[in-house]
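Reckoned from all heavy atoms, side chains included, excluding hydrogens, waters and symmetry mates.
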Amino acid sequence: DEMSQDDIRQFSKMIHDSSKNLLNLLENLLEWSVLEQNKRHCKPEKTNLSEIIRKNIELFSPNCKKKGLSMANKVSPDTEVWADQNMVDTVVRNLSSNAIKYTPEGGTISYHSQSNDTHVTLEITDTGVGMDETTLNQLFKLEELRSRPGTGNEKGTGLGLLICRELIEKNNGTIEVKSTLGEGSTFIITLPKHPHNL
C-alpha cells in the first residue's frame, strides 16, 4: 500500500522477467530430458525452411522492435528440407532468440541458404558481440554448460544450443558455428533434401 506507482511498475516488470526466465528454463529442461530419454520421435517430411523462418521473424518482431534490430529472410520461398518440421522450428527459434539476445541495438540478423543435389545449408548470421575461441570451444558441451548475459542483460540457461545439436543430429544433419569477437556469429545448419539421402 505504501509503494509508489513507479515502484509497482518496476517490481511487476522484475516479476514478469523472472517468470519468463523460469518458464524458459523449465521448457529447456523438459525438452532436454525428453531427448535424453529418446522419447521424442523424429518424423521427417518435406519442410519449407523459408516459411519456418518467416513465422519466427513474426514471432520475434516485438523483441526486435524493442532492441531496434532488423531481421531479413533471404531464403528462397521454395527451399525445402527433409526433416521433422517441429524440430527444425525449435532449432530456428532457439538460434533466433540467441541472435537477438547477443546483438546490440541497431544490429541485424539474417537468414541465408545454399543447396546442392542432396543437402540444404542454412546460415543464421548476426552482427552481435561474437565469441572468442575459448567460448566457441565450449559450445555444445554439457560439461561446459554456461550462459552469458545478453546485450540487454537477458538471461539464458545454456541448454538451448545442446538441444539444437540433438535435434539437428536426429534429422541426420550437422550444426556448426563461426564467430569473431566484436563482429558477430554465424550458425550453420545442414539438412538433407530428400529421404534417400538418409
Side-chain angles (χ1 to χ4, degrees), residues 17-45 47-60 63-64 71 75 81-103 109 111 113 119-126 128-131 134-152 154-179 184-192 198:
D17 291 345
S18 295
S19 300
K20 281 176 64 179
N21 290 334
L22 180 59
L23 177 62
N24 183 47
L25 173 60
L26 289 173
E27 286 177 339
N28 278 332
L29 286 172
L30 178 60
E31 181 79 33
W32 178 250
S33 66
V34 168
L35 286 170
E36 286 300 287
Q37 295 174 49
N38 208 27
K39 289 183 177 178
R40 181 162 179 180
H41 300 294
C42 184
K43 298 176 182 176
E45 59 183 334
T47 298
N48 188 297
L49 206 52
S50 184
E51 182 63 12
I52 286 177
I53 293 165
R54 185 194 67 76
K55 288 180 179 178
N56 274 278
I57 288 176
E58 189 176 298
L59 173 70
F60 287 113
N63 305 62
C64 287
M71 301 179 88
V75 176
V81 293
W82 184 260
D84 185 297
Q85 183 171 323
N86 290 328
M87 289 185 177
V88 175
D89 181 59
T90 298
V91 171
V92 171
R93 189 166 64 249
N94 261 294
L95 295 180
S96 298
S97 176
N98 276 356
I100 292 168
K101 185 189 301 182
Y102 295 113
T103 301
I109 299 155
Y111 305 79
S113 69
H119 290 82
V120 172
T121 299
L122 170 67
E123 295 187 356
I124 301 176
T125 300
D126 64 60
V129 295
M131 292 173 275
T134 301
T135 304
L136 277 172
N137 290 334
Q138 292 170 346
L139 295 182
F140 307 115
K141 293 181 181 178
L142 181 60
E143 64 272 16
E144 300 287 353
L145 190 63
R146 66 188 66 190
S147 177
R148 302 176 297 162
T151 56
E154 302 97 328
K155 301 295 189 298
T157 64
L159 274 172
L161 290 179
L162 292 175
I163 291 170
C164 287
R165 185 190 65 183
E166 293 274 353
L167 293 177
I168 291 299
E169 289 179 352
K170 274 183 174 287
N171 283 278
N172 295 282
T174 61
I175 182 169
E176 60 180 308
V177 59
K178 295 178 180 178
S179 187
S185 303
T186 298
F187 282 83
I188 305 158
I189 300 164
T190 300
L191 289 165
L198 307 182

Least distance between heavy atoms, [X] atom then [Y] atom:
X: G173; Y: L191; result: CA-CD2, 4.1 Å
X: L161; Y: L139; result: CD1-CD2, 3.5 Å
X: S179; Y: M131; result: OG-N, 2.8 Å

With the side chain counted from C-beta on, respond yes when [X] and [Y] share a heavy-atom pair under 4.5 Å apart, and no when they do not.
X: F60; Y: R93; answer: yes
X: Q85; Y: I52; answer: yes
X: S96; Y: I109; answer: no
X: N171; Y: C42; answer: yes
X: I124; Y: T186; answer: no
X: V92; Y: V88; answer: yes
X: S185; Y: K178; answer: no

Atom pair [atom1]/[atom2] of [X] and [Y] - distance to nearest 0.5 Å:
X: L136; Y: E176; atom1: CG; atom2: CD; result: 11.0 Å
X: C64; Y: L59; atom1: SG; atom2: CG; result: 10.0 Å
X: L95; Y: E123; atom1: CG; atom2: CD; result: 12.5 Å
X: Y111; Y: D126; atom1: OH; atom2: CG; result: 9.5 Å
X: I189; Y: I175; atom1: CD1; atom2: CD1; result: 4.5 Å
X: S97; Y: N63; atom1: OG; atom2: CG; result: 7.5 Å

Set of side chain to side chain donor-acceptor pair (under 3.5 Å) partners for E45, sequence neighbours left out: none

Counterpart residues, side chain to side chain donor-acceptor pair (under 3.5 Å), relative to N56 (two or more places apart): D89

So, are E166 and K170 salt-bridged, with charged N and O less than 4.0 Å apart? no

State whether R54 and E51 are salt-bridged, where the test is any N-O pair (Lys NZ or Arg NE/NH1/NH2 against Asp/Glu carboxylate O) under 4.0 Å. yes

Check for a donor-acceptor pair, side chain of T90 on one end and backbone N or O of N86 on the other, with a separation under 3.5 Å. yes

For S50, is there any backbone N or O sitting under 3.5 Å from a side-chain donor or acceptor partner on N48? yes

Just to verify, which of I163, T47, L167 counts as forming a side-chain contact (heavy atoms from CB on, under 4.5 Å) with M87? L167

